[in-house]
Every structure is written in C-alpha cells, then in structure tokens.
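One structure is given here, and the rest of the page talks about it.
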Number of protein chains: 2
Amino acid sequence: MYCQSCKNVYDEEESGTCKECYEEASETEEELKREIDDLRSRLLFLRLLSPTLDASSIGHSDILLHAIPSSPSHPSPSSADAGRLETPAVPAHRVILSSRSPVFRAMLDNEMEESRSGIIKIYDVSYDVLRAFVHYMYTAEVLLDVQMACDLLELAEKYEVKHLKTYCEKFITSKVNNDNAIIHYAFAHRHSAKQLLEASMSVLVESMPTLAERDEYKELVEKDPRIVVEIYETYMSRQVNTAAEKESDCSCRN
Amino acid sequence: MYCQSCKNVYDEEESGTCKECYEEASETEEELKREIDDLRSRLLFLRLLSPTLDASSIGHSDILLHAIPSSPSHPSPSSADAGRLETPAVPAHRVILSSRSPVFRAMLDNEMEESRSGIIKIYDVSYDVLRAFVHYMYTAEVLLDVQMACDLLELAEKYEVKHLKTYCEKFITSKVNNDNAIIHYAFAHRHSAKQLLEASMSVLVESMPTLAERDEYKELVEKDPRIVVEIYETYMSRQVNTAAEKESDCSCRN
C-alpha cells in the first residue's frame with residue numbers, strides 16, 4: 001500500500017488510517033493553522049507598545065512605578081523610603097494596570113494615595129523584575145530564567161495577574177529536577193502554585209531515601225518544619241496506596 | 001485493514017496513511033490545539049475593558065471622540081460644528097488610540113488641537129459605527145453586518161488601523177454575490193481593497209452579458225465611468241487569455 005502522506009509503500013500491519021480519515025485530518029490541520037494565523041494577527045493587534053521599551057508611548061503615561069528592593073538593614077517600608085527611590089521609575093498607564101490587575105484597579109479607581117499622586121511603590125522587588133512585570137502587562141511577553149520566573153510569580157500573585165502567574169508556574173514546573181525539588185516545593189507551597197507543587201512532589205517522593213542528607217532539606221526543617229511533615233505525609237500515603245494496589249493485584253492473580 | 005482513527009475496516013484502495021504518519025499527524029494536531037489554547041489565553045489577557053461597554057474603565061479616559069455624521073445640507077465641517085455634536089461622546093484613552101493607529105499617534109503625540117483639548121471629531125460617521133470602532137481598538141472584536149463592515153473599513157482606512165480593515169474586507173468578500181458585485185467592486189476600488197476587488201471582479205465577469213441592464217451599473221456609469229471601463233478591460237483581457245489557452249490546448253492535441 002501507498003501512504004498518501006509520506007508517499008512510501010507500507011505493509012498491512014503498518015496501516016494507519018483510511019483515505020477518508022486522512023483527508024479529514026488534513027482538512028482539520030489546515031483549519032487549525034488558519035485559526036492560529038488569525039489568533040496571532042489579533043494578538044499582534046492587541047499587543048501594546050511597552051513603555052519599558054518604546055519611548056513614544058511614555059508620553060501619555062500617567063503612573064510611575066518605583067521598585068523598592070528588600071533591604072535587610074531597613075526591613076520596614078517607612079521613614080527611609082525617600083532615600084531608597086534610587087532606581088529609575090517605570091512609566092505606565094492607569095488604564096492598562098487597571099485592566100490587568102484587580103489590585104491596581106482597586107488602588108486606582110478609589111481615591112487612594114497612589115491614585116492621587118500617580119506614584120506606586122512596589123516593595124521587595126528589583127528594578128529589572130518590575131520592568132519585566134510592566135512589559136508583560138502591555139505585551140503578554142517575557143524572557144524567563146528560573147529566578148525571574150520565581151520573582152515574577154510572586155509579583156503576579158500579589159497583584160492578582162493570573163495569566164502571568166500561570167505562565168511563570170508552567171516555566172518553573174518544566175525546570176523541576178532532583179536538585180531543586182525541595183526549594184520549588186516550598187516555594188509552590190508559599191504561593192499556592194498547585195501544578196508546581198504536584199511536579200515537585202512527584203520528584204521528591206522518588207528521591208526520599210536520600211532526601212534527609214540534602215542541605216536544602218536541613219534548611220527547610222529549620223525554617224518551615226510543617227512543610228517537611230507534609231512531604232513525609234504525602235510520601236507515606238502514596239506508599240500505603242501502592243501497597244494496597246499490589247495486594248489487590250496479588251489477590252486477583254490467586 | 002483497520003483504520004486507527006474511525007476504527008472501521010477498509011480496503012487497500014481506500015488506504016490513507018501508514019501508522020507512522022498517522023501518529024505524527026495526531027501529535028501535530030494535539031500540538032496545534034495546545035498552541036490555540038495558549039494564544040486564546042494570551043488574547044484574553046491582552047483584551048482590554050472597552051470604555052464603550054465597561055463604565056469602570058471610563059474613569060481614566062483622557063480623550064472624547066465625537067461622531068459627526070455627514071449631513072447633506074451642511075457638507076463642510078465648518079461653522080455649524082458646535083450644533084452638530086448631538087450624539088454622546090465616546091470616551092477613550094490616548095495610549096490605546098496611539099498604539100492602534102499611526103494617524104491618532106501623530107495627532108496626539110504632536111501638540112495638535114486634538115491633543116490639547118482631548119476632543120477628537122470624527123467626520124462622516126454615525127455614533128454606532130464610531131462606538132464599534134473604539135470597541136474594536138480595545139478588544140479586537142466586532143459584530144458585523146455588510147453595512148457596518150463597509151463603514152468600519154472606511155474608518156479603518158482613514159485612521160490606518162490595518163487589522164480592522166483586513167477583517168472587514170474579509171467579511172465583505174464572503175458576502176459578494178451577483179446582486180452586489182458592482183457596488184462592492186466600486187467600493188473596493190475607492191478603498192484599495194485588493195481581495196474584495198478580485199472577488200467582485202470574478203463574480204462580475206461571470207455575469208457580463210446581463211450587466212448593462214442593472215440599475216447599479218447605470219448609476220456607476222453616471223458616477224464613475226472609469227471604473228466601468230476597467231471592468232470591461234479586465235473582462236476583455238480574460239477573454240483573450242481564455243482564447244489563447246484554448247488555442248494552445250487544440251494545438252497540443254493536433
């Protein structure tokens with residue numbers, strides 16, 4: 001037989017589909033590709049000029065965002081504020097911040113200090129992270145590494161920018177391995193990142209026998225022993241399930 | 001043989017693809033669907049609250065657009081202007097108008113009257129069309145009928161909103177038939193809408209023998225005889241091509 005797709009001859013046992021299904025599948029693929037083209041062109045249209053990159057869009061900006069990095073020597077955001085506004089401000093627009101984040105919307109729609117002054121201070125964040133955050137609000141685009149993804153996830157959670165949180169979580173999840181699973185598990189726990197929590201746990205239960213030797217483990221026991229307890233509990237409940245499955249397997253065979 | 005897709009048995013002459021190609025095609029389809037999901041969620045994120053629908057986004061608006069419908073008794077946009085601002089204004093944001101239209105950008109970035117006053121008058125357009133136009137700027141969405149598509153195409157051309165012009169042109173092209181081909185051809189001609197021009201011409205050359213009897217034809221001869229000449233010229237050149245093809249067909253056979 002002759003394959004209509006790769007044009008090679010194949011045997012009966014290597015058969016895939018009938019002609020009708022092949023033609024339908026080809027049509028479906030064409031339709032999906034047309035839909036992708038259409039969606040891409042709408043995305044390109046809706047993407048805004050980012051004030052972090054495009055000077056011409058700064059002209060109409062009506063908000064300035066200031067990154068206030070966390071400083072261990074001055075932990076409270078109080079008197080020393082003025083002196084800590086060292087990095088340049090990131091310009092933005094009320095309408096964009098309000099559209100993307102219910103937290104900004106509440107802040108800017110009500111007569112809060114930020115709305116009156118047009119200045120929003122964002123605590124415990126670096127200038128680069130704030131810049132990437134604002135850029136994402138305009139373009140739905142960001143270049144990630146794991147650190148940036150973690151920082152942006154925290155910010156996205158704080159300002160309830162769900163789409164960015166999900167995007168970062170997916171990225172971090174794809175990077176989970178033996179070496180970082182404890183750290184990511186604890187991080188996911190703090191930020192209710194369910195997908196990342198599952199992925200880290202799956203890696204953790206695989207490496208339980210050597211877990212207690214790791215430095216990150218010891219640190220976590222010091223810092224947040226309840227999370228460690230949770231890891232053991234999940235491990236034990238999976239053990240019980242596996243044992244039960246094995247038993248039911250055996251009783252079926254007998 | 002057994003089709004892996006529809007699960008039916010088929011004969012050799014009804015064969016479509018080999019197993020490998022079937023599996024590849026299934027994977028491709030899954031990938032394309034994932035990409036569509038991803039694009040849709042990004043679109044949903046980038047879509048803005050439209051000030052034509054959502055009262056809360058009007059708060060930050062810094063521009064008011066006024067529709068000035070064409071009135072035959074006062075054809076020039078001059079002295080009677082003030083009295084003609086009858087319909088409600090459509091609120092909008094400089095940053096959005098600037099992002100979507102180079103014409104608005106030039107108007108608002110430079111110290112033109114519109115930029116200073118925050119009021120932009122849009123001539124020869126109804127309130128409903130202006131509202132749909134602004135809504136599209138925020139959402140990339142619009143509900144079309146042919147009249148709305150034509151009106152929006154004109155406006156999109158004037159303000160160089162290419163994405164909307166293409167969208168309307170596609171819609172009108174899908175509605176071209178024997179009854180409206182002349183009107184759409186003339187419209188496409190006026191607005192350099194190439195796809196619509198081709199589609200209308202294809203319908204026109206099919207119905208050439210009865211064309212001269214139509215009222216729209218007579219109107220067009222009165223109004224813009226050069227377009228009518230163009231229709232005849234295209235028809236004649238296609239006739240010549242068809243004749244040449246037939247001749248080369250005959251000579252091949254002899």
Side-chain angles (χ1 to χ4, degrees), chain A residues 1-6 8-26 28-29 32-33 35-36 39-49 51 56-57 59-62 93-96 98-100 105 108-109 136 138-141 161-164 166-167, chain B residues 1-6 8-26 28-29 32-33 35-36 39-49 51 56-57 59-62 93-96 98-100 105 108-109 136 138-141 161-164 166-167:
Chain A
M1 265 151 309
Y2 174 78
C3 172
Q4 311 236 14
S5 177
C6 65
N8 288 330
V9 171
Y10 63 94
D11 294 335
E12 190 166 328
E13 62 266 31
E14 285 302 312
S15 71
T17 65
C18 65
K19 199 171 175 180
E20 206 180 320
C21 284
Y22 163 68
E23 282 165 359
E24 257 178 40
S26 307
T28 309
E29 197 177 317
L32 292 174
K33 282 183 179 164
E35 189 172 351
I36 286 176
L39 289 170
R40 280 208 183 124
S41 101
R42 285 175 63 200
L43 259 182
L44 213 64
F45 174 74
L46 284 181
R47 194 185 178 288
L48 290 156
L49 296 173
S56 75
S57 84
H60 316 303
S61 77
D62 48 15
H93 301 82
R94 286 168 195 256
V95 59
I96 308 303
S98 292
S99 274
R100 310 296 191 225
R105 195 180 316 155
L108 295 170
D109 282 355
Y136 195 86
Y138 286 74
T139 61
E141 286 162 16
V161 186
K162 275 188 201 157
H163 190 264
L164 176 58
T166 308
Y167 187 75
Chain B
M1 265 153 309
Y2 173 79
C3 172
Q4 312 236 15
S5 176
C6 66
N8 288 330
V9 171
Y10 64 94
D11 294 335
E12 189 166 325
E13 64 267 28
E14 285 302 312
S15 72
T17 64
C18 64
K19 202 171 173 179
E20 204 179 322
C21 284
Y22 163 68
E23 282 165 2
E24 257 178 41
S26 307
T28 308
E29 197 177 315
L32 292 175
K33 282 182 180 165
E35 187 172 350
I36 286 176
L39 289 169
R40 281 208 184 123
S41 101
R42 286 176 63 201
L43 259 182
L44 214 62
F45 174 74
L46 284 181
R47 195 186 178 286
L48 290 155
L49 295 174
S56 75
S57 84
H60 315 304
S61 78
D62 49 14
H93 302 81
R94 286 167 196 257
V95 59
I96 308 302
S98 291
S99 273
R100 310 295 191 227
R105 194 179 317 156
L108 295 170
D109 282 355
Y136 195 87
Y138 286 74
T139 61
E141 287 162 16
V161 185
K162 274 189 202 159
H163 190 265
L164 176 58
T166 308
Y167 188 76

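Note that the CD1 atom of A:I36 and the CG atom of B:L39 stand 6.5 Å from one another [nearest 0.5 Å]. Remark: A:H163 NE2 to B:L43 CG distance equals 9.0 Å, nearest 0.5 Å.
In this structure, B:S5 and A:T17 approach most closely via the heavy-atom pair CB-CG2, 4.0 Å. Heavy atoms only, all atoms of each residue included: A:R100 and B:R47 are closest at NH1-O, 3.5 Å.
Options B:A25, B:A140, B:S98 differ in how many heavy-atom pairs under 4.5 Å they form with chain A, and the most are formed by B:A140.
The shortest side-chain heavy-atom distance between B:Y10 and A:C21 does not fall under the 4.5 Å cut-off. The side-chain heavy atoms of B:L49 and A:R105, taken from C-beta on, include a pair separated by under 4.5 Å. Under the 4.5 Å side-chain criterion, counting only non-hydrogen atoms from C-beta, B:L48 is in contact with A:I96.
The contact between B:E14 and chain A is made by backbone and side chain atoms together, counting heavy-atom distances below 4.5 Å. Of the atoms belonging to B:C6, heavy atoms from both backbone and side chain fall under 4.5 Å from chain A. Residue A:T28 touches chain B through its side chain alone, counting heavy-atom pairs closer than 4.5 Å. If you measure heavy-atom distances from B:Y2 to chain A, the contacts under 4.5 Å come from the backbone alone. For B:L164, no part lies under 4.5 angstrom from a heavy atom of chain A. Proximity to chain A is absent for every atom of B:V9, based on heavy atoms less than 4.5 angstrom apart. Heavy atoms of A:E35 lying under 4.5 Å from chain B belong exclusively to its side chain. Only the backbone of A:T139 comes within contact range of chain B, judged by heavy atoms closer than 4.5 Å.
In this structure, A:Q4 contributes its side chain and B:S15 its backbone to a donor-acceptor pair below 3.5 Å.
The aromatic rings of A:F45 and B:Y136 sit tilted, their planes meeting at an angle between 30° and 60°.
Using a 4.0 Å cut-off between charged nitrogen and carboxylate oxygen, B:E141 and A:R42 count as a salt-bridge pair.
Within 6.0 Å of atom CD in A:E13, more than 12 heavy atoms from other residues, nucleotides or ligands are found, so the atom counts as buried in its surroundings.
Remark: A:K33 engages A:E29 in a side chain to side chain donor-acceptor pair (under 3.5 Å) (not counting sequence neighbours).
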